[in-house]
Amino acid sequence: MTAFRLPAMRTLVLAAAALAAGSAWAQKTELLVYTALETDQLKAYTESFQKTNPNIDLKFVRDSTGVITAKLLAEKANPQADVILGVAASSLDIFNAEGMLAPYAPAGFDKLNPAYSHKGKPPAWVGMDVFAATVCYNTVEGKKKNIPKPETWADLTKPVYKGQITMPNPASSGTGFLAVSGWLQGMGEGVGWKFMDQLHANVAQYTHSGSKPCRQSGAGEFVVGISFDFRGNDVKAKGAPVELVFPKEGLGWDIEAAAIVKATKKMDAAKKLLDWVATKEANQAYAKNFAIVAHPEVKPALPHLPADLEKRLAKNDFAYAAKNRDKILAEWQKRYDAKSEPKK
């Protein structure tokens, strides 16, 4: 009997192990995450999250802010995403107004800077980091073409910059929208549109990516690219001959933030992702890319961004940006869209 019982027991043990492994696999959850984060950030963030959440896989749908915003609004009646990650707060305010978000205060939320999250109790969205308008200026091409480094937004309206500026289209790029919103709020709408009329005369192209203008400047395709701080620091750190300019009138800015889509059927897993967003470890990951993060104990030190960047931010009314977004974009496209690069 013993000679037959041992193999039988081994079979039972192996079968139980296989069943347990199959059960663990079956319990693994996949979250569909809509994001505007840069592709060179997603890998590090995913690895950080999965250290403590190995049974949750993140499947990303990534595009520029304007495209992701339009996609989410188009899917309002039948939402596909479970979580929104790294999308501009000005867009998340729109989704909240449309009743699309599930407010949630993640573990550790009370430790975050309240200035960078939604004011609701619980908050509709949780801030991650701040991204701000930055001008990339190619020193080699500038010298060759006798084009000086700009110091102010007003400088960019001078004839010497004609055909040498690119900037993001605000309808597709969050960076483009924060720049436009910043000008309208900081200068006043009348002066702001007049400024953009003058700037438009010097713009060679409006791109659909917030990163592309700085990359173009770094490559010497154009002398000036209006972009944002992360990409400016990155392009310069990789050796491009650019100087980063933070115009003296103040910088338009927005917050990369996260939120749970109300219609998700995976609420527990979605909450775990938001819990990670608020952790100190997550903020340390953001700090490798941005000079301002939501956790006050994390002090980023990026080599090419000013330590006082927070003081250079213009006043920003997110309610204004959300309420007037459609009107601003319609007016912008009517005036300037002829110079936008073709959509792919």
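- A donor atom on one side chain and an acceptor atom on the other are found under 3.5 Å apart for S90 and D254.
- With hydrophobic clusters built from ILVMFWY side chains whose heavy atoms lie under 4.5 angstrom apart, V87 does not share a cluster with L274.
- In summary, K149 and E151 engage in a salt bridge, as defined by a charged side-chain N under 4.0 Å from a carboxylate O.
- Inspection of the S340 and N169 side chains reveals an N or O donor paired with an N or O acceptor under 3.5 Å.
- Side-chain atoms of L112 and N283, non-hydrogen and from C-beta on, do get closer than 4.5 Å to each other.
- Inspection of the Q164 and N202 side chains reveals no N or O donor paired with an N or O acceptor under 3.5 Å.
- With W183 as the fixed residue, the ring-ring contact (aromatic ring centres under 6.0 Å, His included) test singles out one of W153, W193, F177: W153.
- Between Q216 and T166, the side chains place a donor N or O and an acceptor N or O closer than 3.5 Å (distance only, hydrogens not considered).
- Of all the heavy atoms in N138 and F222, the pair that sits closest is CB-O, 4.3 Å.
- With respect to the salt-bridge test (charged N to carboxylate O, under 4.0 angstrom), the residues K51 and E281 qualify.
- Remark: Y34 engages E75 in a side-chain hydrogen bond (donor to acceptor under 3.5 Å, both in side chains) (not counting sequence neighbours).
- With sequence neighbours excluded, the residues forming a salt bridge (charged side-chain N to carboxylate O under 4.0 Å, His left out) with K238 are D234, listed by chain and number.
- Ionic pairing of E341 and K212 is present here: one or more N-O contacts between side-chain nitrogen and carboxylate oxygen are shorter than 4.0 angstrom.
- We find that E331 and R335 are joined by a salt bridge, their nearest charged nitrogen and carboxylate oxygen being less than 4.0 Å apart.
- A257 and L92 get closest at one heavy-atom pair: CB-CD1, 3.3 Å.
- Partner of W253 under the ring-ring contact (aromatic ring centres under 6.0 Å, His included) criterion, chosen from F318, F131, F228: F318.
- Note on ring orientation: taking the six-membered ring where Trp is involved, the planes of W276 and Y45 are tilted (angle from 30° to 60°).
- Residue pairs that meet the side chain to side chain donor-acceptor pair (under 3.5 Å) test with at least one member in residues 120-129, sequence neighbours left out, are D93-W125.
- One finds a salt bridge joining D308 and R312 here, because a Lys/Arg side-chain nitrogen approaches an Asp/Glu carboxylate oxygen to under 4.0 Å.
- Between R231 and E38 there is a salt bridge, since at least one side-chain N of the basic residue sits less than 4.0 Å from a carboxylate O of the acidic one.
- Within the structure, salt bridge (Lys or Arg N to Asp or Glu O under 4.0 Å) contacts touching residues 158-183 (residues at least two apart or in different chains) are D155-K158.
- Counting all heavy atoms, side chain and backbone alike, N289 lies closest to A285 at ND2-O, 3.6 Å.
- In this structure, V298 is not a member of the same hydrophobic cluster as F290, with clusters built from ILVMFWY side-chain heavy atoms closer than 4.5 Å.
- Across all their heavy atoms, A259 and V83 have their closest contact at O-CG1, 3.3 Å.
- Evaluation of the ring pair (Phe, Tyr, Trp, His ring centres under 6.0 Å) rule for Y336 yields H200, W332 as partners, not counting sequence neighbours.
- Salt bridge absent: E221 and R215 never bring a charged side-chain N and a carboxylate O closer than 4.0 Å.
- No donor-acceptor distance shorter than 3.5 angstrom exists from the side chain of T152 to the backbone of K248, with no hydrogens or angles considered.
- Residue L251 is grouped with residue V235 when hydrophobic side chains (ILVMFWY) are merged at heavy-atom distances under 4.5 angstrom, including chains of intermediate members.
- Hydrophobic clustering (side-chain heavy atoms under 4.5 Å, transitive across Ile, Leu, Val, Met, Phe, Trp, Tyr) keeps I255 apart from L273.
- When atom types are taken as modelled, the side chain of D82 and the backbone of T264 share no donor-acceptor pair closer than 3.5 angstrom.
- Pairs of residues two or more places apart, or lying in two chains, that qualify as salt bridge (Lys or Arg N to Asp or Glu O under 4.0 Å) and include a residue from residues 98-107 are K76-E98.
- A133 and L178 make their closest contact through N-CD1, 3.6 Å (heavy atoms, listed as atom of the first residue, atom of the second, distance).
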